[in-house]
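Counting starts at 1 for both ligands and their atoms, in listed order.
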Amino acid sequence: MNTAEGWRRVQLKVTVLGKYGPFAKQGQGATSSYLVEDNGTSLLLDMGAGTLSRLASVIDIKKIDGIFLSHLHFDHTSDLLTFRYLLECLEHTLTIYAYYEDSEWYRLLLTHPNFNVVNIDESSQIRLGNLNLRFFLMNHTVEDYAIRIEGSKVFVYTGDTVFTPNIYKAIEGADCLLADCSKPEGFDGPHMTVDKAIEIHKKSGIRILATHMSPDYSPEKDFADYDSIQAVEEMAVYEI
Ligand SMILES: [Zn+2]
């Protein structure tokens, strides 16, 4: 330990467990899930289809401090069902941060003795290990919250959304935005398009990690002129 490198603290990093939505590409991939780790605190963001085995390959499940759900669409939550079996085997309980929804899916998904559910909304402020968590309402077909994670760096994840001015509130002073912004220009649906990502980057200067890829469209060429906008790769680790 005689170099600055040796003493460097491990800062906030994100592992992409699944980048697709609403379903994965043929023969490969998984849907939305991201593991955030920062100086010993670990927070999972969403848990889409095909991500449980990947999660277990990168972290000891008992070291996960909590799970945040941006919204309750299946491509962001479905592996929680099988995850419950694993938690039963481990005799382990996990805290889940999610907004309350009066729906059958909410009850089926989250009413389980191995889940401790904490309901969040825009007024919530949560301290988790060395992280401060805040939440911002986005604009999707169901209620969706962006999470702002303040630790050694400030990192924001949108969940699913079209562009909304609330994104600028969420990213104020932040280092990086992981965003649902990978749809081609002209796309007419409940997700952001690549041109909006470029606009956000130009106005705020923020680094953007683009995710929620369609199985049949990848935005790399749209962002080719921008060093600070990157289409994510699955199982890649991004230091923020
Ligand atoms: Zn969605």
Side-chain angles (χ1 to χ4, degrees), residues 14 16-26 29-36 43-52 54-55 66-83 96-110 115 117 119-122 124 133 135-149 155-167 170-171 177-197 200 208-219 231-232 234:
V14 181
V16 176
L17 304 171
K19 68 173 185 179
Y20 289 102
F23 47 84
K25 194 168 180 171
Q26 296 89 330
T31 68
S32 300
S33 187
Y34 314 89
L35 179 65
V36 173
L43 175 65
L44 185 69
L45 311 178
D46 292 335
M47 196 171 193
T51 58
L52 173 56
R54 288 177 168 183
L55 177 68
I67 302 176
F68 164 72
L69 301 180
S70 61
H71 66 302
L72 300 190
H73 276 156
F74 300 156
D75 54 338
H76 292 250
T77 57
S78 64
D79 263 19
L80 282 171
L81 292 175
T82 41
F83 193 35
I96 297 187
Y97 304 99
Y99 70 97
Y100 175 73
E101 183 182 280
D102 183 13
S103 70
E104 281 301 313
W105 179 236
Y106 180 97
R107 283 183 280 279
L108 174 67
L109 190 67
L110 297 179
F115 288 157
V117 178
N119 289 129
I120 56 94
D121 60 23
E122 283 202 313
S124 307
L133 312 179
F135 310 92
F136 296 82
L137 187 61
M138 298 285 104
N139 185 356
H140 194 44
T141 55
V142 296
E143 220 167 318
D144 177 291
Y145 285 88
I147 184 170
R148 177 183 168 100
I149 301 168
F155 177 77
V156 177
Y157 167 57
T158 61
D160 284 2
T161 190
V162 293
F163 174 77
T164 156
N166 240 8
I167 288 175
I171 65 172
L177 171 67
L178 174 64
D180 166 17
C181 61
S182 302
K183 295 290 184 277
E185 202 169 341
F187 170 84
D188 184 23
H191 304 279
M192 260 195 296
T193 50
V194 292
D195 49 305
K196 279 291 175 191
I200 292 168
I208 295 178
L209 296 174
T211 191
H212 210 279
M213 312 302 174
S214 299
D216 59 356
Y217 187 78
S218 204
V232 298
E234 294 188 333

*Residues two or more places apart in sequence or in another chain: which of them pass side-chain hydrogen bond (donor to acceptor under 3.5 Å, both in side chains) with Y34?*
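side-chain hydrogen bond (donor to acceptor under 3.5 Å, both in side chains) check on Y34 returns T211.
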*asked:* Just checking F68 against Y145, ring centres under 6.0 Å apart?
replied: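 So the answer is no for these two rings.
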*Describe, in one word, how the ring planes of H191 and F187 are oriented to each other, choosing from parallel (under 30°), tilted (30 to 60°) and perpendicular (over 60°).*
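Aromatic pair H191/F187 classed tilted.
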*Do you know how many protein N, O or S atoms are within a distance smaller than 2.8 Å of the Zn ion (ligand 1)?*
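For the Zn ion (ligand 1), the figure is 4.
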*asked:* Out of the candidates H76, M192, K19, only one should pair with H212 under the side-chain contact (heavy atoms from CB on, under 4.5 Å) rule; please name it.
replied: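 Only one option passes, and that is H76.
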*Any sub-3.5 Å donor-acceptor pair from S32's side-chain atoms to G48's backbone N or O?*
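Here the side-chain-to-backbone pair does not exist.
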*Does the D79 side chain pair with the main chain of T51, one donor and one acceptor, at a distance under 3.5 Å?*
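Pair found, side chain donor or acceptor close to backbone of T51.
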